[in-house]
Enquirer: 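Just passing along the structure, written as C-alpha cells.
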Amino acid sequence: AQTVTQSQPEMSVQEAETVTLSCTYDTSESDYYLFWYKQPPSRQMILVIRQEAYKQQNATENRFSVNFQKAAKSFSLKISDSQLGDAAMYFCALTGGGGADGLTFGKGTHLIIQP
Amino acid sequence: SAVISQKPSRDICQRGTSLTIQCQVDSQVTMMFWYRQQPGQSLTLIATANQGSEATYESGFVIDKFPISRPNLTFSTLTVSNMSPEDSSIYLCSATGTSGSYEQYFGPGTRLTVT
C-alpha cells in the first residue's frame, strides 16, 4: 500500500516571502510519480508541479520548485515570491504503476498568505 | 492538458435515492478515475473507470453502491446508489492525457448533499 504524509495542517507566509511545504511518502513501486496539487475555495484541483521518480533533477515551474529526496522519500514544495493568489489547500500525491494507477493523496496543507 | 467537465455541479438529494454524475473529457484519454472528497478531507480514490470493461474498485468501495460506466474514451458516469447522509461529499473525476502521459487533470467536482 502507498501512503503520503503531510505533517503541516496549516502554514502562513508573508506576501513576497518564500514558504516550503513538506511531504513524505512510502511506496514499494520502483516506477512512480509525485505531484503537488492546489485546491482553492472554488474546489478545482490544479496541477502545480510533477516529478518522475527516475529523474534526479528537481522539477521547477516558475515560482514553484520541489526538493525530491528519493532515499529519504521526501518531496517538499517551495513557493518563492508568494502571492495572494497562492492561498489554497495544497495536496501532495503519488501514483505508481508507471502512472496508470490512481492517485494517493496526503491530507493537505492549508496555505495562508499574509498581505 | 485535458479539459474535463462534470454534470451536475451540485445537487441535494433525498436519502434512499440515486444520483448519476457525468464526466466528459474534451479529448480521448487513456485512464479515467473517480474520487470522493468528504467535507474538510483529502481525496480518496473510488475506482478506475475502464473503457469497455468493469471498473476496478478500491478497498471499501463496491460496485453495487458506486456503479461506474465508461462507454468510450471521453465519457464516464458514476452513480451513487441508495444514498445516505454519509454520502454527502464532493465527487471528482480525473483523466490522464494521451498515451505516455501520466499527470491527472480533474473536473470541477460535483457537490452532493444528502438529506
Side-chain angles (χ1 to χ4, degrees), chain A residues 1-10 21 23 25 27 29-55 59 61 64 66 75 88-111, chain B residues 1-6 8-10 23 29-51 55-61 66 68 70 76 78 89-113:
Chain A
Q2 301 178 144
T3 60
V4 177
T5 302
Q6 293 179 250
S7 58
Q8 305 156 316
E10 186 172 280
L21 308 185
C23 173
Y25 64 93
T27 180
E29 302 260 5
S30 57
D31 184 13
Y32 59 92
Y33 302 84
L34 294 156
F35 307 88
W36 280 97
Y37 282 89
K38 169 185 176 181
Q39 188 179 42
S42 68
R43 79 171 181 254
Q44 176 70 56
M45 293 290 286
I46 301 166
L47 178 63
V48 174
I49 199 165
R50 74 214 73 174
Q51 175 79 44
E52 298 92 336
Y54 62 85
K55 288 187 177 179
E61 290 284 345
F64 299 87
V66 298
F75 182 61
M89 283 293 292
Y90 285 80
F91 293 98
C92 180
L94 163 71
T95 184
D101 292 346
L103 293 166
T104 299
F105 284 89
K107 291 185 181 297
T109 297
H110 181 212
L111 179 63
Chain B
S1 65
V3 177
I4 303 172
S5 59
Q6 284 184 234
S9 60
R10 60 177 62 218
C23 178
V29 292
T30 308
M31 311 293 294
M32 293 183 74
F33 304 90
W34 286 96
Y35 294 84
R36 181 176 72 182
Q37 187 174 25
Q38 294 177 300
Q41 304 295 315
S42 184
L43 283 75
T44 300
L45 178 66
I46 297 172
T48 301
N50 300 308
Q51 195 268 326
T56 305
Y57 290 85
E58 297 299 303
S59 176
F61 297 96
F66 298 101
I68 288 170
R70 189 177 173 193
S76 179
L78 167 75
S89 294
I90 297 170
Y91 293 86
L92 301 101
C93 71
S94 75
T96 58
T98 54
S99 177
S101 172
Y102 57 87
E103 59 264 25
Q104 291 187 24
Y105 297 93
F106 284 81
T110 296
R111 183 183 294 274
L112 171 61
T113 302

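All values reported here derive from a predicted model rather than from experimental measurement. Chain A is the first sequence line, chain B the second, and so forth, proteins listed ahead of strands; every chain is numbered from 1.
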Enquirer: Look up atom CD in Gln6(B) and atom CG in Leu78(B), then write down how far apart they are to the nearest 0.5 Å.
Expert: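 Interatomic distance, Gln6(B) CD to Leu78(B) CG, rounded to 0.5 Å: 9.0 Å.
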Enquirer: Can you tell which part of Gln6(A) gets under 4.5 Å to a heavy atom of chain B, answering side chain, backbone, both or neither?
Expert: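 Gln6(A) has no heavy atom closer than 4.5 Å to chain B.
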Enquirer: So, using side-chain hydrogen bond (donor to acceptor under 3.5 Å, both in side chains) as the criterion, who are the partners of Tyr35(B) when residues are at least two apart?
Expert: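 Counting only residues at least two positions away or on another chain, Tyr35(B) forms a side-chain hydrogen bond (donor to acceptor under 3.5 Å, both in side chains) with Gln104(B).
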Enquirer: Only counting residues at least two apart or in another chain, list the ones meeting side-chain hydrogen bond (donor to acceptor under 3.5 Å, both in side chains) with Gln51(B).
Expert: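 Gln51(B) satisfies side-chain hydrogen bond (donor to acceptor under 3.5 Å, both in side chains) with no residue once adjacent residues are dropped.
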Enquirer: Can you say whether the rings of Phe105(A) and Tyr37(A) are parallel (under 30°), tilted (30 to 60°) or perpendicular (over 60°)?
Expert: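 Correct class here is tilted.
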Enquirer: Measure the acute angle between the ring planes of Tyr33(A) and Tyr54(A), then classify it against the limits of 30° and 60° as parallel, tilted or perpendicular.
Expert: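 Taking Tyr54(A) first and then Tyr33(A), their aromatic rings stand perpendicular (interplane angle over 60°).
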Enquirer: Any idea which of Leu47(A), Thr104(A), Leu103(A) has the most non-hydrogen atom pairs under 4.5 angstrom with chain B?
Expert: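 Result: the option with the highest number of such pairs is Leu103(A).
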Enquirer: Heavy-atom distance under 4.5 Å to chain A: side chain of Ile90(B), backbone, both or neither?
Expert: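 The side chain, not the backbone.
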Enquirer: If I measure from the heavy atoms of chain B, does Arg43(A) come under 4.5 Å with its side chain, its backbone, both, or neither?
Expert: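 When you check distances to chain B, atoms from both the backbone and side chain of Arg43(A) fall under 4.5 Å.
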Enquirer: Under 4.5 Å from any heavy atom of chain A, what part of Glu58(B) do you find: side chain, backbone, both or neither?
Expert: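 Neither part; nothing is under 4.5 Å.
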